[in-house]
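Okay, so here's the structure we're looking at.
In what follows, residues are counted from 1 in the order of the sequence shown.
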Amino acid sequence: MALQQQRRRFLRLAGASVGMSAYASTLGIQCSAVAGSDSLQPAERRRPALKEVYKEHFLIGMAGDLPGNYSQQELALVKEHFNVVTPENCMKPGPVHPSENIWRFERCDALVKWCLDNNMAVHGHTLVWHAQTSDWFFRDGDKSVVVQRMKDHITTLVGRYKGKVRSWDVVNEAISDGGHSQTAQTENLRNSSWLKAVGPEFITLAFKFAHQADPDAKLYYNDYGIEAGPKHASAMVLLRRLIKEGAPIHAVGIQGHWSTRGIPYAALDRAIAAFASLGLKVGITELDVTIGGASGGQFGPRRFANLPPPSPEDLKTQADAYARLFAIFVKHNQVVERVTFWGLSDRRTWRFGQHPLIFDANNQPKPAYWAIVDVLLNSNRDLPAPR
């Protein structure tokens with residue numbers, strides 16, 4: 001694309017003054033080429049909907065317990081850009097099923113209804129997890145009792161939304177962190193209450209129970225860090241075992257909690273191909289790219305709430321990272337069926353203060369948003385190869 005065409009394209013798509021020079025450099029344009037562009041107002045910019053840009057490739061999602069406590073502006077942003085929603089917390093075992101005879105469906109029902117009313121799909125999260133799960137599941141019961149409690153939980157929750165929830169994270173984060181060359185030859189399962197009470201077969205059983213409750217739902221194993229290193233190797237061992245045992249597993253969820261300080265692009269590229277070789281689809285299920293802080297899906301204190309706003313250089317680095325990631329997802333679009341951001345904006349995120357998402361705290365698009373759009377709309381964009 002000629003330089004003058006690049007300039008016109010940049011001015012049309014990225015007219016925001018915040019981070020302008022940073023994003024200009026990602027298109028190979030000198031800062032002087034966009035002089036005077038600050039006069040462009042938001043109303044003059046064309047902001048394509050992400051779900052439309054990527055409609056021929058994969059679903060574009062967000063996470064949140066909609067619609068309660070969300071402003072009309074936020075809900076409008078969701079409807080504009082996304083076509084699938086993951087409940088961030090309300091369907092997790094603890095919130096929805098706090099004790100054996102108590103269910104709290106109110107927020108789940110409201111979310112499913114809102115999504116159906118607005119022609120949006122729902123991805124359920126999550127059925128079996130070591131965290132945010134009440135102790136009653138494991139209390140005063142032998143293996144058979146715990147298995148029955150798990151079955152009742154899955155059957156009730158999946159059955160309630162049969163035909164309304166397109167897919168589920170059936171088992172979440174069952175593989176241990178860390179690992180080394182020896183553990184990479186094994187599943188290296190986390191020593192969770194599920195493992196201690198039932199044994200490794202709890203994973204296969206969970207998938208079978210979910211499939212019985214809704215045979216048409218797509219079923220995921222979901223985890224963080226399974227794109228690289230020993231944890232990836234352990235994931236392959238686990239997935240092969242599940243398939244051998246006849247678990248009705250359809251897809252793998254790579255969470256994608258990364259940081260601009262280090263993203264394993266090449267390993268991610270290879271991991272998607274490796275999961276596909278098992279006959280599985282792949283979802284990028286909890287995507288965020290922080291400007292500060294570490295990668296991973298671990299819980300941790302919100303230590304970053306008082307960090308200064310990101311610099312233009314920070315925004316450029318983040319935009320480049322998102323562009324490189326989406327280039328990989330597009331490369332594997334026959335396998336990647338969904339890309340979901342974990343949150344909505346830099347205000348609606350579990351990593352508040354680390355500026356991880358593509359809309360800022362005022363719901364305005366950041367350079368990362370325009371970079372993602374440009375991956376498809378500017379086919380000549382020069383992105384580094386994964387490394």
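- Scanning all heavy atoms of the two residues, the minimum distance from Val78 to Leu66 falls at CG1-CD1, 4.0 Å.
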Checklist entry - Is there a side-chain contact (heavy atoms from CB on, under 4.5 Å) between Leu157 and Phe105 once you walk through the steps? => result CA-CA 9 Å; Leu157 187 56; Phe105 289 119; 4.0 Å; yes

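- The nearest pair of heavy atoms linking Arg190 to Asp177 is NH2-OD1, 3.9 Å.
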Next on the checklist: Set out, in order, the CA-CA distance, both residues' side-chain angles and the distance that settles side-chain contact (heavy atoms from CB on, under 4.5 Å) for Gln132 and Thr126, then state yes or no.
Outcome noted: CA-CA 10 Å; Gln132 288 182 262; Thr126 177; over 6 Å; no

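- A 4.5 Å side-chain heavy-atom check between Phe275 and His332 finds every atom pair outside the cut-off.
- Summarising the geometry of Arg104 relative to Pro95, their closest heavy-atom pair is CB-O, 3.7 Å, with the distance given to 0.1 Å.
- Between Trp129 and His125, the two ring planes are tilted [angle within 30° to 60°].
- Ile243 is not connected to Val237 by any chain of hydrophobic side-chain contacts under 4.5 Å among Ile, Leu, Val, Met, Phe, Trp and Tyr, and they are in different clusters.
- In this model, no donor atom of one side chain and acceptor atom of the other lie less than 3.5 Å apart for His123 and Thr86.
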Checklist entry - Where do Trp168 and Asp214 land on the side-chain hydrogen bond (donor to acceptor under 3.5 Å, both in side chains) test, with the steps shown first? => result CA-CA 10 Å; Trp168 288 90; Asp214 187 351; 5.2 Å; no

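- Side-chain contact between Thr260 and Val289: present, with at least one pair of heavy atoms (C-beta onward) separated by less than 4.5 Å.
- Hydrophobic clustering, with ILVMFWY side chains joined whenever heavy atoms are under 4.5 angstrom apart, groups Leu280 together with Val335.
- Salt bridge Arg348/Glu88: absent, no basic N to carboxylate O contact under 4.0 Å.
- Taking all atoms of both residues into account, the shortest heavy-atom contact from Ala174 to Phe202 is CB-CZ, 4.3 Å.
- Side-chain atoms of Asn333 and Glu56 form no donor-acceptor pair, as typed in the model, at a separation below 3.5 Å.
- Across all non-hydrogen atoms, the minimal contact from Ile291 to Pro310 is CD1-CB, 3.6 Å.
- To the nearest 0.5 Å, atoms CG (Asn172) and CG (Asn222) are separated by 4.5 Å.
- A distance-only check finds no donor-acceptor pair linking the side chain of Thr204 to the backbone of Leu242 [under 3.5 Å].
- Annotation: the span from His257 atom NE2 to Leu287 atom CG amounts to 9.0 Å, rounded to 0.5 Å.
- The side-chain heavy atoms of Ile284 and Leu325, taken from C-beta on, include no pair separated by under 4.5 Å.
- Counting non-hydrogen atoms of other residues, nucleotides and ligands closer than 6.0 Å to CG of Asp142 gives a total above 12.
- Among the candidates Thr133, Asp169, Val171, Val198, the single residue satisfying the side-chain contact (heavy atoms from CB on, under 4.5 Å) test with Val128 is Val171.
- In this structure a side-chain-to-backbone donor-acceptor pair under 3.5 Å is present from Arg241 to Pro200.
- Lys162 contributes no side-chain N or O that, together with a main-chain N or O of Ala217, makes up a donor-acceptor pair within less than 3.5 Å.
- Between Trp103 and His97, the ring planes lie parallel to each other; the angle is under 30°, not in the 30° to 60° tilted range.
- Of the possible polar contacts, one joining the Thr186 side chain to the Thr183 backbone as a donor-acceptor pair under 3.5 Å is found.
- Of the possible donor and acceptor atoms, none in the side chain of Ser345 sits under 3.5 Å from a partner among the backbone N and O of Phe359.
- Using a 30° and 60° split on the angle between ring planes, Phe329 and Phe58 fall in the perpendicular class, above 60°.
- We find the CD1-CZ distance between Ile328 and Arg270 to be 10.5 Å, quoted to the nearest 0.5 Å.
- If you take CG on Leu189 and NZ on Lys196, they are separated by 13.5 Å, rounding to the nearest 0.5 Å.
- Side-chain atoms of Thr349 and Arg351 form no donor-acceptor pair, as typed in the model, at a separation below 3.5 Å.
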Next on the checklist: salt bridge (Lys or Arg N to Asp or Glu O under 4.0 Å), that's the test. Do Asp320 and Lys316 meet it? Break it down for me.
Outcome noted: CA-CA 6 Å; Asp320 287 343; Lys316 174 188 181 301; 2.8 Å; yes

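- Two residues are said to be in side-chain contact when any heavy atoms from C-beta on lie closer than 4.5 Å; Leu195 and His130 fail this criterion.
- Using a 3.5 Å distance cut-off with no hydrogens or angles, the side chains of Glu227 and Trp258 do pair a donor with an acceptor.
- Under a cutoff of 6.0 Å and an axis angle of 45°, Lys231 and Tyr224 form a cation-pi pair.
- Following chains of ILVMFWY side-chain contacts shorter than 4.5 Å, one cannot reach Leu219 starting from Leu59, and the two form parts of different hydrophobic clusters.
- Aromatic ring orientation, Phe341 versus Tyr322: tilted (interplanar angle from 30° to 60°).
- From Leu357, atom CG reaches atom CZ of Arg347 across 12.5 Å, with rounding to the nearest 0.5 Å.
- With contacts defined as side-chain heavy-atom distances shorter than 4.5 Å, the pair Val96/Cys108 qualifies.
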Item to check | Step-by-step side-chain hydrogen bond (donor to acceptor under 3.5 Å, both in side chains) determination, Thr340 to Arg338 | outcome: CA-CA 6 Å; Thr340 290; Arg338 176 171 59 92; 2.9 Å; yes

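- Counting heavy-atom neighbours within 6.0 Å of Lys164 NZ, excluding the residue itself, gives a total of 12 or less.
- Of all heavy-atom pairs spanning His153 and Pro93, the tightest one is CE1-CA, 4.0 Å.
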Item to check | CA sep, side-chain torsions, deciding dist, call: Val375, Tyr54, side-chain contact (heavy atoms from CB on, under 4.5 Å) | outcome: CA-CA 10 Å; Val375 167; Tyr54 283 90; 3.6 Å; yes

Item to check | side-chain contact (heavy atoms from CB on, under 4.5 Å) between His250 and Lys281, worked out | outcome: CA-CA 6 Å; His250 307 122; Lys281 295 292 187 180; over 6 Å; no

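- Using a 4.5 Å cut-off on side-chain heavy atoms (C-beta onward), Glu201 and Val147 make no contact.
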Item to check | salt bridge (Lys or Arg N to Asp or Glu O under 4.0 Å) assessment of Asp109 paired with Lys113 | outcome: CA-CA 6 Å; Asp109 287 350; Lys113 182 180 186 302; over 6 Å; no

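- Taken together through direct or relayed side-chain contacts under 4.5 Å among Ile, Leu, Val, Met, Phe, Trp and Tyr, Val145 and Phe138 form parts of separate hydrophobic clusters.
- With hydrogens and angles disregarded, no donor-acceptor distance shorter than 3.5 Å links the side chain of Asn118 to the backbone of Met120.
- Side chains of Trp194 and Ile203 form no contact here, defined as non-hydrogen atoms less than 4.5 Å apart.
- Taking the six-membered ring for Trp and thresholds of 30 and 60 degrees, Tyr369 and His81 have ring planes more than 60 degrees apart, a perpendicular arrangement.
- In this structure, CD1 in Ile263 is found 8.0 Å from CZ in Arg324, a value given to the nearest 0.5 Å.
- Here the side chains of Val282 and Ile254 are in contact, with some heavy-atom distance below 4.5 Å.
- Taking hydrophobic clusters as Ile, Leu, Val, Met, Phe, Trp and Tyr residues chained together by side-chain heavy-atom distances below 4.5 Å, Ile60 shares a cluster with Leu377.
- Looking at Gln318 and Asp314, their side chains never bring a donor and an acceptor atom within 3.5 Å of each other.
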